[in-house]
Amino acid sequence: MEPDHASEINSLQQELNAARQMTFKMMSASGEVGDTLQFLKSTFATKTFEELAAVSLDYLAASGYQSCLLFQGIDGPKFFTLNVNDEMIDRIFLSKHIDEGRIWEAHGRIIINFEHSSLLINNPPQDDTKRGELRDTLAILMDGIEAKVKNILLAGQTDEARNVKNAFFSLMTHELKTPLNPIIGFSTHLSRKLKDELNERDLKAINSIRDNGEHMLRLLEDILVVTKLRNNELIIHKASTDISSIVSEAVTFLEEFAEKCNVSVNFDPVEDLIASVDGHRLLDSFIGLLSNGIKYSEGKTVNIVCSLDVHPDHENIKVTFQDTGRGIAEDNQVKVFHHFSERDNPATEKKRSYGISLFLINEIIQLHDGQIILESRLGEGSCFTVTIPMQ
């Protein structure tokens, strides 16, 4: 699970705001508000150490100072300077004195040290008063830079944690799918070959192995899709498709499941309802919606209707899945589209649904510029309406 960095980000934002206010106040007295505002704006907009160093060093160079910066990154120190000729000397000097205190002067140089950032000024003013004013100014500016460094470090840690998690999910799903495929294949083969030789109890056990294997395989596929959604990596391949044909395919796929549940599925195809969709993704969505309707309508019916919804400036295709099950309480209707809801939880139901979860269905419909609406009353069933723009 990714760590919750909300409080840390809020704290960093407060530090940035405090540094900005102090800088505004000080620079207002010296008439340098315009340059400082531009510097702060550029600094706060940076996202990497390289960008932050470039903005800071350019600003100091424009003010007439030869400077270099040292940031403590996740993978070690990062040194930046515009003075290429003395880069090695400045790096050694700055690294040697980063533990000398917040403000340190020696050999005609000034060093400002913070926990994750240090600044070296090679040519400070010789006048004591002007040099003192510069030290105060640099301390305030470095306070803002330090807060930004922490922000970049935190973002890097979050990205690293996300990448590790995604790599784990990919590896886990691959490793688990490898043994699942032969389990499903052999159990299906045994069920067909020994159907007339085994007693009902043994045959049921073999079918249970197959069903549970298929269910786990679907869960693994869901994990992969969720990971791709979070990383904006889920690709939708759209093509002109008859929506009724996709619904018919879903009905055929779940024919055996409907018979087991003693549910009648009523659907009359409607021709010429063409939309630009990813047929594979939409089929998964329709299978998920229909299988839920069948599961919750045991001994009853599920009605599917395709229709054209005409507006003055556009036309939509509507597909409704109306079941006659127990319905969903009003306060739970929004929750069914969350990542994990009771309606998708096999541990709470005797019969498992087929297809993907309602959360993924909702996300896939939105990727098609459509929407899904739920209407339900306890004891009267539920109606899921999918709306997709017509081609």
Side-chain angles (χ1 to χ4, degrees), residues 1-20 23 39-61 67-84 86-104 110-121 138-174 223-224 226-233:
M1 182 179 293
E2 294 183 20
D4 182 7
H5 295 300
S7 60
E8 295 157 272
I9 293 174
N10 183 57
S11 176
L12 289 173
Q13 188 62 51
Q14 291 177 357
E15 291 182 36
L16 283 170
N17 291 335
R20 178 167 48 186
T23 306
F39 167 70
L40 291 174
K41 180 180 179 181
S42 302
T43 300
F44 297 151
T46 59
K47 296 181 180 180
T48 65
F49 289 133
E50 288 75 15
E51 292 176 358
L52 178 60
V55 169
S56 303
L57 294 176
D58 286 344
Y59 173 77
L60 291 168
S67 60
C68 57
L69 282 164
L70 184 67
F71 298 143
Q72 301 298 330
I74 297 176
D75 52 351
K78 296 182 179 294
F79 181 81
F80 300 94
T81 182
L82 299 179
N83 186 13
V84 180
D86 296 328
E87 178 177 354
M88 184 63 68
I89 297 174
D90 289 344
R91 182 198 294 263
I92 294 173
F93 187 85
L94 186 53
S95 301
K96 183 179 178 180
H97 299 289
I98 58 175
D99 297 322
E100 298 291 347
R102 179 57 53 88
I103 301 177
W104 186 80
I110 295 177
I111 292 180
I112 310 293
N113 289 314
F114 279 79
E115 182 181 0
H116 301 93
S117 58
S118 296
L119 170 68
L120 169 63
I121 300 294
L138 294 176
I140 293 173
L141 293 179
M142 282 299 293
D143 194 30
I145 292 175
E146 171 71 9
K148 188 61 186 180
V149 169
K150 290 181 180 178
N151 185 273
I152 294 173
L153 286 170
L154 185 61
Q157 291 169 354
T158 302
D159 290 340
E160 183 179 9
R162 184 182 297 111
N163 292 336
V164 170
K165 182 193 69 175
N166 292 340
F168 168 75
F169 281 154
S170 297
L171 178 62
M172 179 192 69
T173 51
H174 175 74
I223 292 174
L224 281 176
V226 169
T227 302
K228 290 181 179 180
L229 277 170
R230 287 183 173 179
N231 296 330
N232 295 319
E233 295 175 352

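At least one donor-acceptor pair closer than 3.5 Å links the side chain of N113 to the backbone N or O of G101. Using modelled atom types, one side-chain atom of T81 and one backbone atom of N83 make a donor-acceptor pair closer than 3.5 Å. Between the side chain of E146 and the main chain of S117, a donor-acceptor pair closer than 3.5 Å is present. No side-chain donor-acceptor contact under 3.5 Å links K148 to the backbone of L52.
Within the model, atoms CG of L138 and CD1 of I145 stand 9.0 Å from one another, a figure rounded to the nearest 0.5 Å. Once rounded to the nearest 0.5 Å, the distance linking OG of S67 with CG of L57 reads 4.5 Å. Here the straight-line distance linking atom CD1 of I112 with atom CD1 of I98 works out to 14.5 Å at 0.5 Å rounding.
Between D99 and K96, no side-chain nitrogen of the basic residue sits less than 4.0 Å from a carboxylate oxygen of the acidic one, so the salt-bridge criterion is not met. A salt bridge is absent between E51 and K47; no separation between the charged side-chain nitrogens and carboxylate oxygens falls under 4.0 Å.
Closest approach of V149 and H116 over heavy atoms only: CG1-CB, 3.6 Å. Closest of all the heavy-atom pairs between D90 and C68 is CB-SG, 3.9 Å.
Between K150 and E115 there is a side-chain heavy-atom pair separated by less than 4.5 Å. The shortest distance between side-chain heavy atoms of L69 and S56 falls below 4.5 Å. Counting heavy atoms from C-beta outward, I92 and F79 have side chains that stay 4.5 Å or more apart. Looking at D58 and L82, their side chains come closer than 4.5 Å, going by heavy atoms from C-beta outward.
Exactly one of L60, L141, I110, L94 qualifies for a side chain to side chain contact (heavy atoms under 4.5 Å, CB included) with L119. That residue is L60.
Ring geometry, H97 versus W104: the interplanar angle falls under 30°, so the pair is classed parallel (tilted spans 30 to 60°).
In this structure, F71 has its ring center closer than 6.0 angstrom to the ring center of F80.
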